[in-house]
Amino acid sequence: MQILKGAHIHLRALEPADIDFLFDIENDSTFWEVSSTQTPFSRHLLEQYIANAHLDIYEVKQLRLMIVENDTNEPVGLLDLFDFNPQHQRAGVGIIVISSAQQKGYASAALSLLIPYSFTTLQLHQLFANIISDNEHSLSLFKNQGFRAIGTKKEWIHSNGQFKDEILFQLINS
């Protein structure tokens with residue numbers, strides 16, 4: 001799919017060979033705050049998830065894509081469309097880039113590919129993202145992609161003994 005290929009990265013479906021990468025990401029507790037994960041995932045469970053990743057977004061209401069660096073063909077992150085709702089033509093967006101690849105433009109490039117795909121191919125009317133108020137990099141990323149903050153969920157996330165606000169961002173296909 002050329003629509004999901006950019007100058008530096010491309011987005012692709014999960015493959016069985018991605019199990020180690022997915023296992024490391026899902027079990028990295030530094031990402032748990034944003035994913036609402038509280039316990040580790042087993043390799044077996046993740047293998048089953050990958051085996052079912054071919055299912056249609058209309059059936060499972062989710063699409064997970066690998067963010068892959070073009071030159072090395074190595075994965076650098078994951079991009080999710082979740083809470084896909086075809087009736088209301090919307091979906092949430094989640095993105096994770098491994099720490100060694102952060103601040104290199106991969107997340108921005110991935111969103112730049114996902115947004116037109118979502119609006120054109122999936123015919124969505126809007127995308128949304130929930131971002132913890134102290135996640136400056138994500139706040140900047142989504143703002144720079146045209147998302148607008150439309151509300152704050154006060155003390156929504158409990159993390160490390162404190163409550164944090166979560167900001168709801170929205171991008172409407174005009």
Side-chain angles (χ1 to χ4, degrees), residues 1-14 22 25-26 28 30-37 49 53 55-70 75-99 101-159 163-174:
M1 254 190 170
Q2 291 300 317
I3 194 168
L4 297 177
K5 183 172 175 108
H8 303 291
I9 61 111
H10 62 277
L11 306 176
R12 65 162 173 79
L14 293 175
L22 188 61
I25 288 275
E26 293 292 357
D28 183 341
T30 61
F31 293 128
W32 289 2
E33 179 181 63
V34 297
S35 67
S36 296
T37 300
Y49 177 78
L55 296 175
D56 190 79
I57 187 172
Y58 288 89
E59 183 177 350
V60 294
K61 310 298 184 219
Q62 176 183 341
L63 175 64
R64 175 167 274 188
L65 299 168
M66 296 292 292
I67 304 169
V68 180
E69 206 275 331
N70 286 344
V76 295
L78 294 165
L79 185 61
D80 288 322
L81 283 178
F82 62 91
D83 290 346
F84 174 74
N85 187 315
Q87 177 186 359
H88 300 297
Q89 299 175 294
R90 66 177 176 240
V93 178
I95 188 164
I96 292 177
V97 174
I98 58 173
S99 58
Q102 290 178 0
Q103 302 305 302
K104 295 182 180 179
Y106 294 125
S108 181
L111 276 178
S112 293
L113 295 172
L114 180 75
I115 291 167
Y117 171 77
S118 298
F119 289 161
T120 304
T121 304
L122 297 177
Q123 299 182 353
L124 295 180
H125 175 64
Q126 63 180 286
L127 295 170
F128 66 89
N130 302 298
I131 304 171
I132 297 172
S133 61
D134 64 355
N135 188 339
E136 295 297 327
H137 294 300
S138 287
L139 293 170
S140 178
L141 169 68
F142 281 87
K143 286 178 187 174
N144 289 339
Q145 290 290 329
F147 283 73
R148 293 187 45 205
I150 61 162
T152 300
K153 296 179 253 181
K154 295 292 189 185
E155 300 182 9
W156 196 255
I157 300 294
H158 187 256
S159 177
F163 285 94
K164 297 180 179 184
D165 293 349
E166 185 175 80
I167 302 170
L168 175 59
F169 279 82
Q170 184 180 44
L171 179 64
I172 295 179
N173 184 13
S174 48

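Keep in mind that what you see is a predicted model, and the values were worked out from it rather than measured.
Of all non-hydrogen atoms in L65 and A13, the two that sit nearest each other are CD2-N, 4.1 Å.
In this structure, the side chains of L113 and K5 stay at 4.5 Å or more apart for every pair of heavy atoms. A 4.5 Å side-chain heavy-atom check between H10 and L4 finds every atom pair outside the cut-off. Contact of the F119 side chain with the L171 side chain is registered, since non-hydrogen atoms from C-beta on lie closer than 4.5 Å. Side chains of I67 and I95 form a contact here, defined as non-hydrogen atoms less than 4.5 Å apart. Side-chain contact check for I98 versus I25: some heavy-atom pair is nearer than 4.5 Å. Side-chain atoms of I115 and V93, non-hydrogen and from C-beta on, never get closer than 4.5 Å to each other. Inter-residue side-chain proximity for L81 and L122 is flagged as met; some heavy-atom pair is nearer than 4.5 Å. When side chains are defined from C-beta on, L139 counts as touching F169, because their heavy atoms get closer than 4.5 Å.
The CG atom of D83 sits 9.0 Å away from atom CZ of R90, with the distance rounded to the nearest 0.5 Å. Atoms CD1 and CZ, on I167 and F147 in that order, are 14.0 Å from each other to the nearest 0.5 Å. Note: F84 CZ to L127 CG = 10.5 Å, rounded to the nearest 0.5 Å.
With T120 contributing its side chain and P116 its backbone, the two residues share a donor-acceptor pair below 3.5 Å. Without hydrogens or angle criteria, D165 side chain to E155 main chain gives a donor-acceptor distance under 3.5 Å. The backbone N or O of D80 sits nowhere less than 3.5 Å from a side-chain atom of Q62 that would complete a donor-acceptor pair. Between the Q123 side chain and the Q89 main chain, no donor and acceptor come within less than 3.5 Å of each other.
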